[in-house]
Visitor: 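Sharing a structure with you now.
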Protein chains: 2
Amino acid sequence: MDDLDWKVLSLLQQNARITYTALARQVHLSVPAVTERVKRLEEDGVIDGYVARVNPAMAGYAVSALVGITVPQPAKTKFLNFLETISEVLECHHVTGADSYVMRLVATNMADLERLIERINLYGETRTSLVMSTPLATRALQRPSVASRRSKDAR
Amino acid sequence: MDDLDWKVLSLLQQNARITYTALARQVHLSVPAVTERVKRLEEDGVIDGYVARVNPAMAGYAVSALVGITVPQPAKTKFLNFLETISEVLECHHVTGADSYVMRLVATNMADLERLIERINLYGETRTSLVMSTPLATRALQRPSVASRRSKDAR
DNA sequence: GCTGAAACGTCGGAGCT
DNA sequence: AGCTCCGACGTTTCAGC
């Protein structure tokens, strides 16, 4: 992972549909060289995939919410299986603290949201926050600063 | 936004680097027809962009956290300007409830995380949850079910 | 890491169902 | 609104270096 890899990552995070030719031009490498780097980043799991970002509001989902839930340890597997079936849950993290999981979900309207939370609530106590706006939606990952890298490896 | 549009969205959410030719094959449309649909979805803002998803752990960020913060109303603008300068904050939502904002951020290690939160803490009281795992990382948005669409428009 | 050439994909426009 | 045909150009892939 050198400077060029991070430059490539930066460009692909800005626009995943950029062509290898344009990528090559911008990093001052030949097309095969940059193609090989991208393939390596994919195979190493640094690049997890390429996705189109869809605006939920424009796609008929008027409300977004963050929901925390406390799930008793034995019910966690069942809960995760349940989540798989709820397509409105877009993201779910297993976290430390009072909440077991924190989810981000969407709904077409408030009534829809209420119905969703009712069903989720069967697995544990929930805390819901409505998302009013998203000042920062998934910013690109940058190369760790030298200051923070110093702690582990100084290469 | 008909079934074909949703099929296109689904494919682009699975793999943003798919070619128009492959897309056309899979939705049983001609290349010009599918290209025009994608262009329209982009111009209408339904598609917000195409991004490469980078695995933070594979890129040198060993820890992820969710941080909620209570910011007094007059300090909010200053806080958002501050956030712009912190590249480790990947996502930030303005929410209802005790927290003003909920952020997702990454750090190379615990010491790094502590330093980050110290700086964020200058703007308000924070609550931090460590992300242990992410059972569901940004699932694709699907077409709202008929049940939930019935409430608003029945077309 | 670099050509270079063949195969493939993309983007116009024209005319048609 | 969609299709095909077309040609020109850009892009990808794979050989060989």
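Each chain gets a letter, A, B and so on, in the order the sequences are listed, and its residues count up from 1.
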Visitor: Scan nucleotides 10-12 of chain C against the protein and return all N/O pairs shorter than 3.5 Å with their distances rounded to 0.1 Å.
Guide:
{"residue": "C/dT10", "atom": "OP1", "partner": "B/Y20", "partner atom": "N", "Å": "3.0"}
{"residue": "C/dT10", "atom": "OP2", "partner": "B/Y20", "partner atom": "N", "Å": "3.2"}
{"residue": "C/dT10", "atom": "OP2", "partner": "B/T21", "partner atom": "N", "Å": "2.8"}
{"residue": "C/dT10", "atom": "OP2", "partner": "B/T21", "partner atom": "OG1", "Å": "2.5"}

Visitor: Of all heavy-atom pairs between A/R139 and B/L83, which one has the smallest distance, and what is that distance?
Guide: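 Distance-wise, the nearest heavy atoms are NH2-O, 3.3 Å.
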Visitor: In this structure, how many angstroms lie between the P atom of C/dG1 and the NE2 atom of A/H28, rounded?
Guide: 14 Å
Visitor: If you draw a 6.0 Å radius around CZ in B/R119, do more than 12 non-hydrogen atoms from other residues or ligands fall strictly inside?
Guide: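 Not buried by this count: 12 neighbours or fewer within 6.0 Å.
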Visitor: Count the heavy atoms of every other residue, nucleotide or ligand shown that sit under 6.0 Å from NZ of B/K7, and state whether that count exceeds 12.
Guide: no
Visitor: My understanding is that only residues two or more places apart in sequence, or in another chain, count here; which of them pass ring-ring contact (aromatic ring centres under 6.0 Å, His included) with B/Y61?
Guide: none
Visitor: Taking CZ in A/R40 as the centre, count heavy atoms belonging to other residues, nucleotides or ligands within less than 6.0 Å. Is the count above 12?
Guide: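 Check passes, neighbour count above 12.
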Visitor: Provide the start and end nucleotides, 5' to 3', of the part of DNA chain D that has atoms under 4.0 Å from heavy atoms of chain B.
Guide: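 Range of nucleotides touched by chain B: D/dG2 to D/dT4.
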Visitor: At what angle, to 10 degrees, do the two end axes of the helix from C/dG1-D/dC17 to C/dT17-D/dA1 meet, given five pairs define each axis?
Guide: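 One end axis against the other gives 40°.
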Visitor: Mind checking whether A/R37 and A/L29 have side chains closer than 4.5 Å, heavy atoms only?
Guide: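 Side chain of A/R37 against side chain of A/L29, heavy atoms only: contact under 4.5 Å found.
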Visitor: Would you mind classifying the nucleic acid contact of B/R40 as base, sugar-phosphate or nothing, using non-hydrogen atoms under 4.0 angstrom?
Guide: nothing
Visitor: Near DNA chain D, under 4.0 Å by heavy atom, which residues of residues 41-53 of chain B?
Guide: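 Under 4.0 Å from DNA chain D: no residue of residues 41-53 of chain B.
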Visitor: I'd like to know whether CD of B/E36 has more than 12 heavy-atom contacts from other residues, nucleotides or ligands below 6.0 angstrom.
Guide: no
Visitor: Between the side chains of B/T70 and B/R127, does any donor sit under 3.5 Å from an acceptor?
Guide: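 Distance-only check passes for B/T70 and B/R127.
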Visitor: Which pair of heavy atoms, one from A/A59 and one from B/W6, lies closest together, and at what distance?
Guide: O-CZ2, 3.6 Å
Visitor: Within a radius of less than 6.0 Å around CD of B/E84, do more than 12 heavy atoms belonging to other residues, nucleotides or ligands occur?
Guide: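 Yes.
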Visitor: I'd like to check the side chain to side chain donor-acceptor pair (under 3.5 Å) partners of B/Y20; sequence neighbours left out, ordered by chain and number.
Guide: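 Scan of B/Y20 (side chain to side chain donor-acceptor pair (under 3.5 Å), adjacent residues dropped) gives B/K39.
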Visitor: Could you verify whether a donor N or O on one side chain and an acceptor N or O on the other, from A/R143 and A/S10, lie under 3.5 Å apart?
Guide: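 Their side chains do not contain a donor-acceptor pair, so the 3.5 Å distance test is not met.
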Visitor: Donor-acceptor check, side chain of A/T96 to backbone of B/L130, threshold 3.5 angstrom: yes or no?
Guide: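 A pair under 3.5 Å: yes.
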